[in-house]
> 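Take a look at this one; I'll ask things after.
Start at 1 and go down the list; that is how both ligands and their atoms are numbered. Predicted model, so just to flag it, every value in this text is computed and none were measured.
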Amino acid sequence: MIEDKLIGRSLDLIRQCYQDISLYAPDRAPCAIDLSDNTNRYGIPPTAEKTLREVAVDAVTRYPALYAGELKAALADYAGVQPSQVVTGCGSDDVLDSAIRAFAEPGDTIAYPDPSFAMMPLFAKMNGLKGVSVGLARDLDFDFKGLLETGAKIIYLCSPNNPTGGVAVRGGIEWIIERAPGVVILDEAYAEFCDQNYLQVAAKHARLLVVRTMSKAFGLAGLRVGYAVGNEALVAAVEKSRGPYKISGAAERVAVAALRHDMGWVKEKIADVKTNRERLIRELKAMRLDPQPSGANFVLVSVPKSATELGKAMRQRGVAVRPFPGLRIFGESLRISLGPWEQVQAALDALKAVLA
Ligand SMILES: *Cc1c(COP(=O)(O)O)cnc(C)c1O
């Protein structure tokens with residue numbers, strides 16, 4: 001059996017930087033009420049749904065557009081920039097991964113805050129980069145100076161930050177993009193839920209790339225549509241690194257429909273999220289817990305027991321939230337996504353029951 005002898009040796013054939021990567025595996029078992037992943041809990045916008053049901057056969061049998069030109073045009077209108085200042089990808093994960101490849105060589109350093117988006121250390125490894133995490137500053141804002149002092153080729157920032165909800169202080173981003181040696185990637189996956197964004201700055205700046213997604217405010221996580229805005233040279237480099245044909249024809253049509261016709265719906269849901277966010281924070285404080293202020297569609301709260309155990313017990317009561325055990329600075333914590341108030345109330349009820 002020649003196959004048996006060879007199979008044991010296949011590990012040696014795998015690229016070194018992949019050997020200590022484990023697959024991303026948060027608990028995604030279905031749950032009656034799922035407030036664990038910050039997706040849109042109000043559902044899919046109406047025109048997007050209609051378009052999805054009507055997607056023509058030729059969107060499936062033919063190849064999609066090479067670089068999703070129509071989607072870029074719709075995103076450019078939405079962002080108030082030129083189509084040449086936009087690049088798309090299969091979710092913003094794909095855009096982040098492609099940007100890292102475009103702006104750093106294997107062996108270079110990428111710096112990111114901690115806590116922040118859990119995928120960044122993974123993307124660093126996947127691209128053979130050295131990932132360096134820098135704790136948040138004492139006031140819980142980013143340690144801009146510490147990040148800069150790493151000398152990293154890429155500095156990643158996320159505002160509002162996942163999982164803390166914190167919004168970068170005004171002036172901080174401006175300060176770091178004027179001094180960084182390489183590209184600053186600003187992840188604005190949740191910018192629709194706060195009143196600050198850097199789209200206009202990115203379009204005009206040499207080294208700022210703002211990364212966005214249609215997975216959160218637009219309710220299209222399953223379609224995998226992400227994008228970035230930056231100056232034409234940066235955007236073109238990310239596009240080369242990402243490659244052609246990445247956005248499926250069906251995804252492009254539905255995303256364009258949402259951008260062109262569903263903004264009223266999207267804005268209404270964003271407003272509801274903001275109302276429920278302040279209400280959730282008040283309710284958590286009334287429970288003598290210490291929720292973080294949030295500019296996103298979720299709230300992080302430190303808990304007095306094991307976050308993993310609490311998360312499991314809440315799941316048994318039909319509500320999923322995201323546990324963060326031993327989070328730097330915040331300790332045992334839960335991240336609760338926002339949605340219609342009945343769902344948030346169910347999470348509060350479950351949390352009260354499991355804390356009792
Ligand atoms: C959800 C999320 C993303 C990923 O979004 P996709 O477009 O679905 O890949 C990126 N960054 C942050 C901070 C997120 O929370």
> Run the numbers for me: atoms of ligand 1, each under 4.0 Å from some heavy atom of S215, listed by number.
6 (P), 7 (O), 8 (O)
> Would you say Y112 and I155 make side-chain contact, with heavy atoms under 4.5 Å?
no
> For ligand 1 and N162, I'd like to know whether there is a polar contact (N/O to N/O, distance under 3.5 Å).
yes
> Using non-hydrogen atoms of the residue, decide whether C158 is closer than 4.0 angstrom to ligand 1.
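Distance cut 4.0 Å: C158 passes for ligand 1.
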> Looking at atom 12 (C) of ligand 1, what's its closest protein heavy atom, distance included?
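Result: D187 OD2, 3.4 Å.
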> Would you kindly say whether Y190 and N38 are connected by a side-chain donor-acceptor distance under 3.5 Å?
yes
> Would you say R224 and S248 are linked by a side-chain donor-acceptor pair, where the criterion is simply a distance under 3.5 Å?
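No, R224 and S248 have no side-chain donor paired with an acceptor closer than 3.5 Å.
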> Can you find a heavy atom in the side chain of R179 that is under 4.5 Å from one in the side chain of F144?
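Answer no - side chains too far apart.
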> Does E278 come within less than 4.0 Å of K274, counting only side-chain N to carboxylate O?
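Salt bridge: no.
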> Are K285 and D290 within salt-bridge range, i.e. N to O under 4.0 Å?
no
> Should T213 be counted as touching ligand 1, given the test is an N or O pair under 3.5 Å?
yes
> Looking only at protein heavy atoms, which one is nearest to atom 15 (O) of ligand 1, and what is the separation?
Y190 OH, 2.6 Å
> Applying a 4.0 Å heavy-atom criterion (strictly less than), which segment of R224 is in contact with ligand 1: side chain, backbone, both, or neither?
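Under 4.0 Å from ligand 1, R224 contributes side-chain atoms alone.
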> Do E239 and K72 sit within salt-bridge range, that is, some charged N less than 4.0 Å from a carboxylate O?
yes
> Under 4.0 Å, heavy-atom basis, I'd like to know which part of D93 is in contact with ligand 1: side chain, backbone, both or neither.
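It is both parts that get close, each with some atom under 4.0 Å.
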> Does ligand 1 have an atom under 4.0 Å from some heavy atom of A189?
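Contact present.
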> List the closest protein heavy-atom neighbour of atom 5 (O) of ligand 1: residue, atom name, distance to the nearest 0.1 Å.
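Checking every protein heavy atom, the shortest distance to atom 5 (O) of ligand 1 gives S92 OG, 3.1 Å.
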> What's the shortest distance from atom 2 (C) of ligand 1 to any protein heavy atom, and which residue and atom give it?
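Scanning the protein heavy atoms, the shortest distance from atom 2 (C) of ligand 1 goes to K216 NZ, 2.5 Å.
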> Should E105 and K153 count as an ion pair when the cut-off is N to O under 4.0 Å?
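No salt bridge links E105 with K153.
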